[in-house]
There are 2 protein chains.
Amino acid sequence: MANNYSVLELNLGLGNNNVGGHAGQSPRQRCPAPFLLKTYDLLEELGENIEDSTKIVSWNAEGTGFVVWSPSEFSELTLPRYFKHNNFSSFIRQLNTYGFKKISSKRWEFKHEKFQRGCRHMLGEITRKKCEPSVFPAYLKSSSEENNATSSTEENNDHQLLMEENKNLKKERLELQVQIDECKALEMKLLECLSQFMDTHQNKVRRLC
Amino acid sequence: MANNYSVLELNLGLGNNNVGGHAGQSPRQRCPAPFLLKTYDLLEELGENIEDSTKIVSWNAEGTGFVVWSPSEFSELTLPRYFKHNNFSSFIRQLNTYGFKKISSKRWEFKHEKFQRGCRHMLGEITRKKCEPSVFPAYLKSSSEENNATSSTEENNDHQLLMEENKNLKKERLELQVQIDECKALEMKLLECLSQFMDTHQNKVRRLC
DNA sequence: GGGAATATTCCC
DNA sequence: GGGAATATTCCC
């Protein structure tokens, strides 16, 4: 009773097939994130068992998205059966993380190009959004902390900024390294191309002489 | 029944007092992480209600650490009342994250200098371990975590290291940027070379015909 | 033990 | 919506 999600949890963590050697940008098939599988299954299962009048959540008419008809019931009843929480906002946060769009201001309807009825196999093409780092971001924003203006506040703040900057620098380093790798790959291709061209050319000239 | 942790969840997320402007390395008082509060409370509450013979988990005799006497019961019964899971290994992972040490090979006993019976107020001084990527090799790190090293010295040292790392990261960034520029320049040359070659080749062939 | 990915929460 | 901290999971 207490753990009525325990069975559902079994398919958690399959997402690790994602990370192996082919973690590139390829749109090829991968093991879908647990969140996507659960959300998809939830729609399929609820669609079967519940008649229209008591719909909590369902695919939209075209099957190109889904609608949460009753957020309160969805949160109370559906969410805890599939996830470790019962907060609608956490569910929305995940949708945003995976690039879903809210497509109506009047009802809770969401779409993702690769999330459609009957297309469970496409879920593997949906990826998490990545965060875009720039070295000097957030700390220009921070407005009102309860200013315990002590002598050490300034120092702490300084320290904070330094850590923030370091973190961003590390992110940036990673990105630069990726750029370099891509650059080198392109170089290789160009060189190959060039040498192949030279061979062809020589042969042609030889024949013509 | 199904959500018997719902009340306990109310104190989740108080940890946000942590993140504001003063989230530095300072050993000053902060709002303890939810994990620490829950683990502490769990020991206090269970200690009151359960007689020795059925102990699942308790403080050790000196109150300087705690013992999980029955991991299986602890996982099944205790964990889900305080956390969103019932996996002993996840609990251990959190202990490690917060710097607890397993201090016996014979039983599940854990200690953290700042985690002691009757000292709920010290929990705020326990921080998560941070991951520290390369730039700064381990040889400058202090070995023993348990030094009560005076606050200001530690802070200064930390700040020093941070600035050093920051400097190195910027240097490295510059080098990476140079690499990228070189790479791109080479690319350009290769492309030029290729196009020039193609021209020459065409001319030659034309002449030879 | 700890790295790293995903999940959940809180805040802007 | 999304940034960022903490929590949970899986893997080495």
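Just so it is clear: chains get the letters A, B, ... in the order the sequence lines come, proteins before strands, and each one is counted from 1.
- Closest contact between the side chain of B:Arg128 and the listed nucleotides D:dT6, C:dA4, C:dT9 involves D:dT6.
- Checking D:dG1, D:dT8, C:dT9 against every side-chain atom of B:Phe83, the shortest atom distance belongs to D:dT8.
- If you measure from atom CD1 of B:Ile126 to atom P of D:dA7, you get 12 Å, rounded to the nearest angstrom.
- Note: CZ (A:Phe35) to P (C:dT9) measures 13 Å, nearest angstrom.
- Across the protein-nucleic acid pair, B:Leu95 atom CG and D:dT6 atom P stand 16 Å apart, rounded to whole Å.
- Here the closest non-hydrogen pair linking A:Ser90 and A:His85 is CB-CE1, 3.5 Å.
- Between A:Lys101 and B:Gln94, it is A:Lys101 whose nearest contact on DNA chain D lies nearer the 5' terminus.
- The separation between A:Asn96 atom CG and C:dC11 atom C1' is 15 Å, rounded to whole Å.
- Here the nucleotide nearest the side chain of B:His85, chosen from C:dA7, D:dA7, D:dT8, is D:dT8.
- Among all heavy-atom pairs drawn from B:Asn60 and B:Arg117, the shortest one is O-NH1, 3.7 Å.
- Nucleic acid contact for B:Tyr98: sugar-phosphate only, since backbone atoms but no base atoms lie under 4.0 Å from a heavy atom of the residue.
- Contact annotation: A:Asn87 reaches the phosphate of C:dT9 (side-chain N/O to OP1 or OP2, under 4.0 Å).
- When each of C:dT9, C:dG1, D:dG1 is scored by its nearest atom to the side-chain atoms of B:Lys129, the top-ranked nucleotide is C:dG1.
- The distance from atom NZ of A:Lys102 to atom P of D:dG1 is 7 Å, rounded to the nearest whole Å.
- In this structure, B:Trp108 places its CH2 atom 9 Å from P of C:dG1, rounding to the nearest Å.
- When rounded to the nearest whole Å, the span between CD1 of A:Ile92 and C1' of C:dC11 equals 17 Å.
- Less than 6.0 angstrom separates the ring centroid of A:Phe74 from the ring centroid of A:Phe91.
- Rounding to whole angstrom units, CZ of residue B:Phe88 and C1' of D:dT9 are separated by 16 Å.
- Classified by interplanar angle (parallel below 30°, tilted 30° to 60°, perpendicular above 60°), the ring pair A:Phe35/A:Phe83 is tilted.
- Interface remark: the A:Arg93 side chain does not form any donor-acceptor pair with the D:dG1 base, using a distance-only criterion of under 3.5 Å.
- Applying the 4.0 Å criterion to OP1 and OP2 of D:dT9, one finds that B:Lys84 has every side-chain N and O outside that range.
- Using modelled atom types, one finds a donor on one side chain and an acceptor on the other under 3.5 Å when comparing A:Trp59 with A:Glu44.
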